[in-house]
Trainee: 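Just passing along the structure, written as C-alpha cells.
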Amino acid sequence: MSIVKINALTVPAEQREVLEQRFASRAGAVEGSDGFEWFELLRPVEGTDQYLVYTRWRSEEDFQAWMDGPMKAAHQGGGAGGGSGAGGGERPKPAASGSSVWSFEVVQQAAPKQA
C-alpha cells in the first residue's frame, strides 16, 4: 500500500500568508511525479502554529526519487537550511522557522460509499 509523508512546518503568524502564497505559486510542481498520489496543505485552526504538508506516494522509492530529483532541484540555490540571509541572496527567507517529516504506511483506508 501507499506511504504518507507529513512535513510539520512551524510558521509564525506573520509568515502564514507568505507560506500559503509560495505553495500556491508551485501548484502543479509535484503532480506529474512518478508515484505521486495526493497533496494537501493543512492550515492550523487552533492550538498550534504548525502547518502540515501531507503527501501520499505509491512507494518509499517514488518519494525518494522525487526528493533526489525535482524537489532537490527546486530547493537548490541556498536558503533551504541556512537562514543567514547574507550571502548571495536571490532566494527569499524561509517562511517556516522549523520543520520535521513524519513517515507512515497506509494499512487501512476507506472512501465514501457510491450512491
Side-chain angles (χ1 to χ4, degrees):
M1 280 201 139
S2 303
I3 60 131
V4 170
K5 300 291 182 172
I6 298 174
N7 191 357
L9 300 173
T10 302
V11 182
E14 66 274 9
Q15 292 291 351
R16 286 181 166 198
E17 188 174 334
V18 170
L19 179 88
E20 291 180 24
Q21 287 175 353
R22 287 182 186 169
F23 270 95
S25 72
R26 289 188 215 185
V30 71
E31 285 88 331
S33 298
D34 191 38
F36 170 79
E37 295 179 351
W38 198 260
F39 162 85
E40 291 178 326
L41 175 63
L42 306 176
R43 176 192 302 139
V45 176
E46 59 187 343
T48 186
D49 59 354
Q50 288 192 316
Y51 275 71
L52 299 180
V53 182
Y54 173 100
T55 58
R56 184 173 168 144
W57 298 86
R58 177 179 55 207
S59 69
E60 179 68 28
E61 294 76 21
D62 291 323
F63 172 73
Q64 289 302 324
W66 175 75
M67 287 287 291
D68 293 339
M71 195 286 298
K72 186 176 184 179
H75 288 86
Q76 282 181 335
S84 69
E90 278 188 36
R91 289 192 54 85
K93 179 182 174 190
S97 62
S99 169
S100 85
V101 177
W102 306 332
S103 299
F104 300 88
E105 291 180 329
V106 177
V107 293
Q108 293 184 23
Q109 62 187 13
K113 292 182 179 181
Q114 300 298 319

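Note that the structure is a prediction, hence the values are computed from the model and not measured.
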Trainee: Nearest 0.5 angstrom please: Gln21 CD to Gln15 CD, how far?
Mentor: 10.5 Å
Trainee: Could you pull out the closest heavy-atom pair between Ala29 and Ser33, with the gap in Å?
Mentor: O-OG, 4.5 Å
Trainee: Met1 and Gln108: which non-hydrogen atoms are nearest, and at how many Å?
Mentor: SD-N, 4.4 Å
Trainee: Give a yes or no on whether Glu14 atom CD has more than 12 heavy-atom contacts from other residues, nucleotides or ligands under 6.0 Å away.
Mentor: yes
Trainee: Give the ring-plane orientation class for Trp66 versus Phe63, where under 30° counts as parallel, over 60° as perpendicular and anything between as tilted.
Mentor: tilted
Trainee: Would you mind listing the cluster partners of Val107? Hydrophobic ones only (ILVMFWY), side-chain contacts under 4.5 Å, chaining allowed.
Mentor: none
Trainee: What's the separation between atom CD in Gln50 and atom OG1 in Thr10, rounded to the nearest 0.5 Å?
Mentor: 4.0 Å
Trainee: With a 4.5 Å cut-off on side-chain heavy atoms, are Leu19 and Leu9 touching?
Mentor: yes
Trainee: Over all heavy atoms of both residues, which pair between Thr48 and Arg16 is shortest? Give the atoms and the distance, please.
Mentor: O-NH2, 3.6 Å
Trainee: Write down the atom of Val18, the atom of Ala95, and the distance for their closest heavy-atom approach.
Mentor: CG1-CB, 4.0 Å
Trainee: Does CD belonging to Glu17 count more than 12 external heavy atoms closer than 6.0 Å?
Mentor: no
Trainee: Determine, using the 4.5 Å side-chain heavy-atom cutoff (strictly less than), whether Val106 and Phe104 are members of one ILVMFWY cluster.
Mentor: yes
Trainee: Would a 4.5 Å heavy-atom cut-off, applied to side chains only, mark Phe23 and Tyr51 as touching?
Mentor: no
Trainee: Only distances under 3.5 Å count here; give the side-chain donor-acceptor pairs of residues 35-45 to other protein atoms, sequence neighbours excluded, each with its distance to 0.1 Å.
Mentor:
residue	atom	partner	partner atom	Å
Glu37	OE1	Ser2	OG	2.5
Glu37	OE1	Arg56	NE	3.1
Glu37	OE2	Ser2	OG	3.2
Trp38	NE1	Glu40	OE2	3.3
Arg43	NE	Glu20	OE2	2.7
Arg43	NH2	Glu20	OE1	2.7
Arg43	NH2	Glu20	OE2	3.4

Trainee: Hey, quick one: are Val53 and Val30 part of the same hydrophobic cluster, counting side-chain heavy atoms closer than 4.5 Å, chains of contacts allowed?
Mentor: yes
Trainee: If you take all heavy atoms of Arg22 and Ser25, which pair is closest and at what distance?
Mentor: O-OG, 2.9 Å
Trainee: Report the C-alpha distance between Arg58 and Asp34 in whole Å, list the side-chain angles of each, state the deciding distance to 0.1 Å, and finish with yes or no for salt bridge (charged side-chain N to carboxylate O under 4.0 Å, His left out).
Mentor: CA-CA 9 Å; Arg58 177 179 55 207; Asp34 191 38; 3.0 Å; yes
